[in-house]
Structure formats: structure tokens, C-alpha cells
**Student:** 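One structure coming up, written as C-alpha cells, with questions to follow.
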Amino acid sequence: DGGITQSPKYLFRKEGQNVTLSCEQNLNHDAMYWYRQDPGQGLRLIYYSQIVNDFQKGDIAEGYSVSREKKESFPLTVTSAQKNPTAFYLCASSSPRGEQFFGPGTRLTVL
Amino acid sequence: AQSVSQHNHHVILSEAASLELGCNYSYGGTVNLFWYVQYPGQHLQLLLKYFSGDPLVKGIKGFEAEFIKSKFSFNLRKPSVQWSDTAEYFCAVKSGGYNKLIFGAGTRLAVHP
């Protein structure tokens with residue numbers, strides 16, 4: 001069953017802690033993306049990776065970091081430098097034509 | 001900077017009413033256009049897409065969209081909505097050679113039985 005998995009579904013973090021969100025895909029896509037979704041703001045791009053061992057900042061990269069050591073995996077770390085991390089985070093991968101497929105999301109809450 | 005504008009943030013309809021959600025983009029070159037839907041508690045999923053050819057594209061669940069290049073628009077339509085169409089709808093544009101999508105802010109649709 002092909003698709004994108006994200007874990008955990010819900011995540012609670014204390015202020016000052018770093019947390020890492022997992023994203024795995026078995027669609028054999030080269031490109032992967034991380035978005036943040038806030039009510040009334042649509043999806044905003046955090047980071048993207050066009051190929052293994054390479055990634056670029058999106059529109060709101062401050063306070064986040066990523067790695068792309070394997071084609072299937074694109075984890076996102078929310079660092080303590082992110083001032084307003086409570087949000088819904090979506091991971092996606094893209095076909096060569098640009099059609100993006102999304103995971104179920106991780107809802108992060110900072111306590 | 002490229003942008004995508006969705007004119008309606010909230011739409012409330014009764015079942016069997018017709019639906020049209022507006023989407024305008026700012027990029028003047030070749031574009032690929034998408035509508036995504038997010039049902040309550042579910043994944044964001046592709047509703048329909050336009051790459052080239054016939055500007056009237058048909059998607060899943062009876063939805064269609066028309067690409068009007070001169071108006072930089074890609075409006076989503078459905079002749080008769082159902083309660084199960086209650087969801088949030090996002091328009092997205094891919095432009096140039098970059099494999100990035102620019103999303104609109106979304107339109108939240110509520111359909112009352």
C-alpha cells in the first residue's frame with residue numbers, strides 16, 4: 001500500500017525542547033516537502049528536498065531543521081528557536097510532474 | 001512574488017445548491033494548477049489537476065474546474081453539492097521549472113442537509 005506516513009499523530013512539547021517529526025514515503029519520489037498549516041493561512045512551506053542529501057529552505061524555515069539521508073525519509077526537527085511551534089505539520093512527496101501526495105499530518109502542541 | 005488568492009474563506013450552502021469557489025494566481029508563465037480537499041480528520045487529497053490541453057478538467061466526486069488563462073483563474077465548480085462535500089478546499093499553483101506548489105489560504109465549505 002503506497003503512501004506517506006507521519007508519526008506521531010499528536011505530539012506535546014515543553015517550551016525549550018527540540019522535537020523531531022517523522023515522515024516516510026514508499027512512492028519512490030525524489031522530492032519531499034514539509035508544510036505548516038494554520039487556520040486561515042493555508043499551507044506554508046518550511047523546507048523541501050529535491051533529492052537525497054540536498055534540501056532548501058522554504059518560506060518559513062526559521063526555527064526548523066531537516067535532513068535527507070535516505071530517499072524514503074525526510075524528518076523535521078522543530079527547535080526551541082521556533083517562537084510559535086504549535087501547529088499542524090504536513091509532509092508531502094511529489095511526482096515528477098509536480099502532483100503532491102500528503103501524509104496524515106502531526107499536530108504539535110507546546111505546553 | 002507568486003501568489004494564489006482564494007476569494008471566499010467560508011462558504012455555507014444547502015444540499016443540492018451549486019458551488020463555485022474562486023482561485024486566482026499571479027504568475028504569468030506556464031502553470032500547472034491543482035485543487036486539493038481536506039475532509040474533516042482526513043488527509044489532504046487531490047481533487048483535480050490541470051497540466052495542459054482541455055481547460056475544463058474533471059475530478060473526483062463530480063467536481064470540475066476551468067482554467068481561464070486570460071483571467072489567471074482556475075475556479076472549482078460542482079452543480080449540486082452534498083453534505084459529504086463539507087471540507088476545506090485549497091487551490092495550488094506550480095510554476096516554472098521548480099517542483100514547488102504555492103497554496104491559497106483555503107475555503108472552508110459547510111453544506112447543510
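Atoms considered below: every heavy atom in the structure, side chains included; atoms not considered: hydrogens, waters and symmetry mates. A note on names: the letters A, B, ... follow the listed sequences, proteins ahead of strands, and every chain is numbered from 1.
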**Student:** Checking B:L44 against chain A: side chain, backbone, both or neither under 4.5 Å from a heavy atom?
**Tutor:** both

**Student:** Below 4.5 Å from any heavy atom of chain B, which atoms of A:P96 appear? Answer side chain, backbone, both or neither.
**Tutor:** backbone

**Student:** Please indicate whether A:R44 has more than 12 foreign heavy atoms, meaning atoms of other residues, nucleotides or ligands, lying under 6.0 Å from its CZ.
**Tutor:** yes

**Student:** Is there a side-chain contact between B:F74 and B:Y50 in this structure, where contact means two heavy atoms from C-beta onward sitting under 4.5 Å apart?
**Tutor:** yes

**Student:** Side chain, backbone, both or neither: which part of B:E88 has a heavy atom under 4.5 Å from chain A?
**Tutor:** side chain

**Student:** Side chain, backbone, both or neither: which part of B:Q38 has an atom under 4.5 Å from a heavy atom of chain A?
**Tutor:** side chain

**Student:** Using side-chain heavy atoms (C-beta onward) and a distance below 4.5 Å, is B:Y25 in contact with B:I102?
**Tutor:** no

**Student:** Below 6.0 angstrom between ring centroids: does that apply to B:Y89 and B:F63?
**Tutor:** yes

**Student:** Distance under 6.0 Å and angle within 45° of the ring axis: does A:R107 meet both against A:Y10?
**Tutor:** no

**Student:** Which bit of A:Q100 comes within less than 4.5 Å of chain B, counting heavy atoms only: side chain, backbone, both or neither?
**Tutor:** both

**Student:** Checking A:L45 against chain B: side chain, backbone, both or neither under 4.5 Å from a heavy atom?
**Tutor:** side chain

**Student:** For A:E99, is it the side chain, the backbone, both, or neither that has a heavy atom closer than 4.5 Å to a heavy atom of chain B?
**Tutor:** both

**Student:** Between A:F102 and A:Y35, how do the two ring planes meet: parallel, tilted or perpendicular, split at 30° and 60°?
**Tutor:** tilted

